[in-house]
Amino acid sequence: SRGTRREYNIVVLGAGGVGKSCLTAQFVQNVWIESYDPTIEDSYRKVIEVDGRSCVLEILDTAGTEQFTAMREIYMKTGQGFLLVYSITSLSTLHELTDLRDQILRIKETDHVPIVIVGNKSDLEEDRAVSRNRAIHLSQSWGRVPFYETSARKRQNVDEVFMDLCRQIMRNEAVL
Ligand code: GDP
Ligand code: MG
């Protein structure tokens with residue numbers, strides 16, 4: 001009901017090096033740190049206001065090493081919303097999102113899950129390898145999943161992707 005604090009589990013997924021840890025740190029702590037240990041998987045809490053409601057986000061920044069598929073199943077099951085992150089400088093990282101989404105849908109046994117497609121490193125325009133159209137095409141093929149380009153480095157669109165995901169989860173809850 002109105003006024004209560006909802007808790008939402010968000011999972012940040014994507015290939016290694018796309019900027020999942022940098023995005024999470026910018027969102028949670030408002031800091032830019034150039035380099036994180038790529039093997040560290042950790043979760044963070046942040047309270048945000050969405051449409052006048054206070055939401056507690058529990059954010060898992062994954063490190064996605066293949067040995068831990070059992071772990072992956074667990075967080076895909078408990079996750080209520082997913083940021084699927086690629087880098088605009090690498091087409092293969094966009095391609096990897098399709099497998100991730102398939103896994104999420106299979107494990108959750110549903111055909112609708114709150115997702116945002118995130119094309120990170122938008123500040124590296126000179127190294128762009130993925131056009132916006134390419135990502136928009138993917139988003140449409142998934143039923144118009146919201147898509148944003150972000151820069152963790154410049155802190156562009158960082159709050160927006162988390163807010164969008166939070167709104168989707170709230171809407172999803174209302175339907176269930
Ligand atoms: P993760 O493996 O997905 O967690 O990726 P990290 O967050 O550790 O970032 C991988 C590398 O990309 C690091 O060298 C970051 O400095 C760099 N990086 C992350 N986000 C951005 C961004 O928005 N712009 C630029 N230019 N570099 C970024
Ligand atoms: Mg990381």
Side chain K154, main chain S122, donor-acceptor under 3.5 Å: no
CA sep, side-chain torsions, deciding dist, call: T78, L60, side-chain contact (heavy atoms from CB on, under 4.5 Å): CA-CA 11 Å; T78 54; L60 179 66; over 6 Å; no
Over all atoms of both residues, closest heavy-atom pair of R153 and E34: NH2-OE1, 4.3 Å
Backbone N/O of G14 and side chain of K20: donor-acceptor pair under 3.5 Å: yes
L83 side chain near F162 side chain, heavy-atom distance below 4.5 Å: yes
Main-chain N/O of S87 paired to S90 side chain as donor or acceptor, under 3.5 Å: no
Sub-4.5 Å side-chain heavy-atom contact between L138 and F147: no
Heavy-atom check, side chain of I40 versus side chain of S21, under 4.5 Å: no
Check against side-chain contact (heavy atoms from CB on, under 4.5 Å), R6 and Q80: CA-CA 12 Å; R6 302 302 186 86; Q80 293 162 284; over 6 Å; no
L13 and Y75: CA distance, side-chain angles, deciding distance, side-chain contact (heavy atoms from CB on, under 4.5 Å) verdict: CA-CA 11 Å; L13 282 167; Y75 65 60; 3.8 Å; yes
Test item: F27 and D159 side chains (from C-beta on) under 4.5 Å apart, heavy atoms: yes
D127 side chain vs T89 backbone, donor-acceptor pair below 3.5 Å: no
Side-chain donor or acceptor of R167 paired with backbone N/O of V50 under 3.5 Å: no
Heavy-atom pair of closest approach, residues L105 and D111: CD2-C, 4.0 Å
Expected output: side-chain T150 to main-chain A152 donor-acceptor under 3.5 Å: no
Side-chain donor or acceptor of E41 paired with backbone N/O of A63 under 3.5 Å: yes
T62 side-chain N/O to V12 backbone N/O, donor-acceptor pair under 3.5 Å: yes
V113 backbone acceptor or donor facing K108 side chain under 3.5 Å: no
Under 3.5 Å side-chain donor-acceptor pair for Q168 and D164: yes
Test item: E58 side-chain N/O and N9 main-chain N/O as donor-acceptor pair under 3.5 Å: no
